[in-house]
Amino acid sequence: MTTGHDDIPFFDEEPQEAAPRRPAAAPSAPAGSGVGGIAARAMAARDAGRRPDYLAGLNPEQTEAVETLEGPLLVLAGAGTGKTRVLTTRIAHILSTGRAYPSQILSVTFTNKAAREMKERVALLVGGAVEGMPWLGTFHSIGVKLLRRHAELVGLTSDFSILDTDDVVRLIKQLIQAEGLDDKRWPAKQFAGMIDGWKNKGMTPADIPEGDARAFANGKGRELYAAYQARLKTLNACDFGDLLLHPITMFRKNPDVLKDYHQRFRYILVDEYQDTNTAQYMWLRLLAQRPKGELQNVCCVGDDDQSIYGWRGAEVDNILRFEKDFPGAKVIKLERNYRSTEHILGAAAHLIAHNEGRLGKTLFTDRTNPDDDKVQVHAAWDSEEEARAVGEEIEQLQRGDSSGLKHALNDMAILVRASFQMREFEDRFVTLGLNYRVIGGPRFYERLEIRDAMAYFRLVCQPADDLAFERIVNTPKRGLGDTAVRTLHDYARARDIPMLAAAHDLIETDEMKPKPRKALFDVVMSFRRWQERLENTPHTELAEQILEESGYTDMWKNDKSAEAPGRLDNLKELIRSMDSFESMRGFLEHVSLVMDAETNENLDAVSIMTLHSAKGLEFQTVFLPGWEEGLFPHQRSLDESGRAGLEEERRLAYVGLTRAKRHCHIWFVSNRRIHGLWQSTLPSRFLDELPATHVSVAETEQSYGGYGRGGYGQSRFDKAEPFANSYSTPGWKRAQANRTDATRDNWGSRSGHAVERIGYGESGPKARTIDGELVAKSTTETPSRFAIGERVFHIKFGNGNISGIEGNKLTIEFDRAGEKRVLDGFVERV
DNA sequence: TTAGGTTAAGTTTTT
DNA sequence: CTTAACCTAA
């Protein structure tokens, strides 16, 4: 795809006539009348004598979603219901029925990954005949494209820079200091977050609520925001929020420009509509406007049950309100799931039904199989054991399960609520020698050396980019320290010119000492040289020259540290990846917006990631550890957003469950180390919300099932089948080897008699269903075997007095550890 | 400048 | 407890 900058002028992408063929459906046809569908079918029939291939294999709802082309349409697509297929087929349908050219379809996604996938799949459907769609992309990349064309309307020039979060924070810090404020008391990072929040809501400095404005920087919040915007303008730069905000401002101020786009975009599609924030919503509303009587061909696809980004400004309300926002809208629900087993869907459906704010849809499948596993809930004593048991299970699946089915590690994923949970799994997998991959780590372009190199390139292309200048003026070390930079900075600000230009001036004067002056002279001359080559040297070659001549590569070559060779490799990789771009500018844009870390597809490895980053993915087997109160649902979410927070956490749980195709294992532990200290934890309330009919409780001896002991749990243990044949298994041997004295002691003293851990070798966890009840159920029905005031002993917290009882959950005032809530199974009378 | 010590904070993440 | 960011001393 071409980049916005050297793009073709406005409106000359398509032939002279307004549309390829007159749409068969009259624009005035009532919404949802099905006229479009009939027309399409008629057309297809005429052209090929039958329904086009791409429509084959769609279910009735999907077909309707594809063929309802005229008028607003909301497709509520549950997890695994073929959402992407509908979107891509819809585009193919629009194109192949001749309703619009590719350039007349605006198609927005949230992530580059989604955009890429859609492009590929549309290309597959339509064939090579249709060139890539110019307006298929993320909100942000389309925003950039719009801004490059009309930069002057918002006070920028079309070669503006895009700043990433790091640049933004550094800039804000400068501003805070410039205001004479204490940058410790008012952290730049926090303010950057606030600005981002305002921009997500579509607010300019004038729009922000007085309270917000006063809350920061001694009441100077608004001024600071305005100063920041002014500074961006002089830097000729945008932050990510501006990529949404500026187009909105631009459209509002220039109705004629907006009108051009109205004519252009005959069809608008939005993916993941539940994740749109207010700014994106405003953006969409502007573009979707149509004169009275004309239909808005807006199709939004989303799933309110999978809205998990409220905390970063997404408004679930956007999707809940769709029918009000777009009068005459049609709503189609996709509920037929092609991914998961009945049990997984049943569990997920029952869970999500506890949410109030939802449109209501229930996934189903008609592929039932009596052999399917139920969703399994496992208990473990602590997070270490949790990791160990999951590791065992993964190895076992890898070897092949009882039905002879062998799992590739690539088919398994561990989805955690918070990233600190990953560590224990990583540690465990390292000792096991199990391949794993962590998704969502630091990205390629966030690495130090990449950012440095990029700063050089940016400054060559955009001499006004002071942030880039400051970053590399003394990298590698040139003796241009704080004092020199300060002088430059002051000089530049006093005259309102970029720092590179200031440097140019200053080397003519004797304001600086000879040494830094010489160094600065070299820098200025180098950049002048590189800028001259920009037009006539191939950009990859130029990039190489820049890094060589600046001494940047030498800096790493001389570096003796262990990372240095890797960094040099990364730099090579960076240059290599420039090959596929037309120009250095085009490349810069992609890196700031698009580039992400590549995963090694060839490696067979278990994926470890957060629930958030798992959205949209699927795996044969999914492990969901850490289902404990406080962690999941996360305490902070509850504290900050109350019921709404809880519902979002529940949606997160729903997302987790629905990632699984065949097997889903949920874990919770009784003790978890948080901020270094051990905390006793209670099972997540979400466990209570799972239906017994689709869930089984896996009993592993080693878990001690601490859980439930006080109520009805004990008897289940008594009936547990012995794992007699397990002693000779590798798993058992490994378990023996791994058993530490500490854990043995804990266990021994806790239960009063030594209990051996057996059974997580070959025989694996035995799963049984407890009729109608789950182990995790925290009922008050069973009277507690304890009474308030009793003195008890807990293995981790020592002695204490019971101050409250709620079912099997006790509140205890420990002598040393203070007040804790623990399960009664873990304490004993003194 | 760099190393080493101190301090504070510690969900989730895309663009 | 661990990490990252920041500050001070050599």
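Labels below follow one simple rule: chain letters A, B, ... track the order of the sequence lines, proteins then strands, and each chain is numbered from 1. Only this structure's heavy atoms are used, side chains among them; waters, hydrogens and symmetry mates stay out.
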### Task
Examine distances only and state if a side-chain atom of A:Ser141 and a backbone atom of A:Thr138 form a donor-acceptor pair shorter than 3.5 Å.
yes
### Query
Taking atom C1' in both B:dT11 and C:dC6, what distance in whole Å separates the two?
24 Å
### Query
For A:Lys477 and B:dT2, is the shortest distance between a side-chain N/O and OP1 or OP2 below 4.0 Å?
yes
### Rounded distance in Å - CG (A:Asp164) to C1' (B:dT15)
10 Å
### Message
What is the distance, to the nearest angstrom, from the CZ atom on A:Arg672 to the P atom on C:dC1?
### Response
18 Å
### Positive for side chain to side chain contact (heavy atoms under 4.5 Å, CB included) with A:Phe632, one of A:Val416, A:Leu687, A:Ile666, A:Leu652
A:Leu652
Could you go through nucleotides 5-7 of chain C and list every protein N or O atom that sits under 3.5 Å from one of its N or O atoms, giving the distance for each pair?
unit_1: C:dC6; atom_1: OP1; unit_2: A:Lys173; atom_2: NZ; d: 3.3

### Message
Is the terminal nitrogen or CZ of A:Arg650 (NZ for Lys, CZ for Arg) located under 6.0 angstrom from the six-membered ring centre of A:Phe686 and within 45° of that ring's axis?
### Response
no
### Task
Under the side-chain contact (heavy atoms from CB on, under 4.5 Å) rule, what do A:His140 and A:Val144 come out as? Steps first, then yes or no, please.
CA-CA 6 Å; A:His140 296 267; A:Val144 173; 5.6 Å; no
### Query
After noting the C-alpha distance and the side-chain angles of A:Arg417 and A:His612, does the key distance pass the side-chain contact (heavy atoms from CB on, under 4.5 Å) rule?
CA-CA 8 Å; A:Arg417 175 61 182 81; A:His612 282 94; 4.0 Å; yes
### Message
Using atom P in both nucleotides, what's the gap between B:dT13 and C:dA4 to the nearest angstrom?
### Response
15 Å
### Test side-chain hydrogen bond (donor to acceptor under 3.5 Å, both in side chains) applied to A:Lys615 and A:Thr610, A:Asp275, A:Asp303, the passing residue
A:Asp275
### Query
Using a cut-off of 4.0 Å on non-hydrogen atoms, how would the nucleic acid contact of A:Arg423 be classed: base, sugar-phosphate, or nothing?
sugar-phosphate
### Task
Spell out protein contact along nucleotides 7-14 of chain B as letters: B when the base is contacted, S when just the sugar-phosphate is, - when no protein heavy atom is under 4.0 Å; keep the 5' to 3' order.
---BBBBB
### Task
Would you kindly check if the NZ (Lys) or CZ (Arg) of A:Arg312 is within the cone defined by 45 degrees around the ring axis of A:Tyr309 and under 6.0 Å from the six-membered ring centre?
yes
#### Entry: Candidate list A:Arg451, A:Met454, A:Arg458, test side chain to side chain contact (heavy atoms under 4.5 Å, CB included), partner A:Arg471, passing option
A:Arg451
### Message
Measure CG/A:Leu677 against C1'/C:dC1 and give the value in whole Å, please.
### Response
8 Å
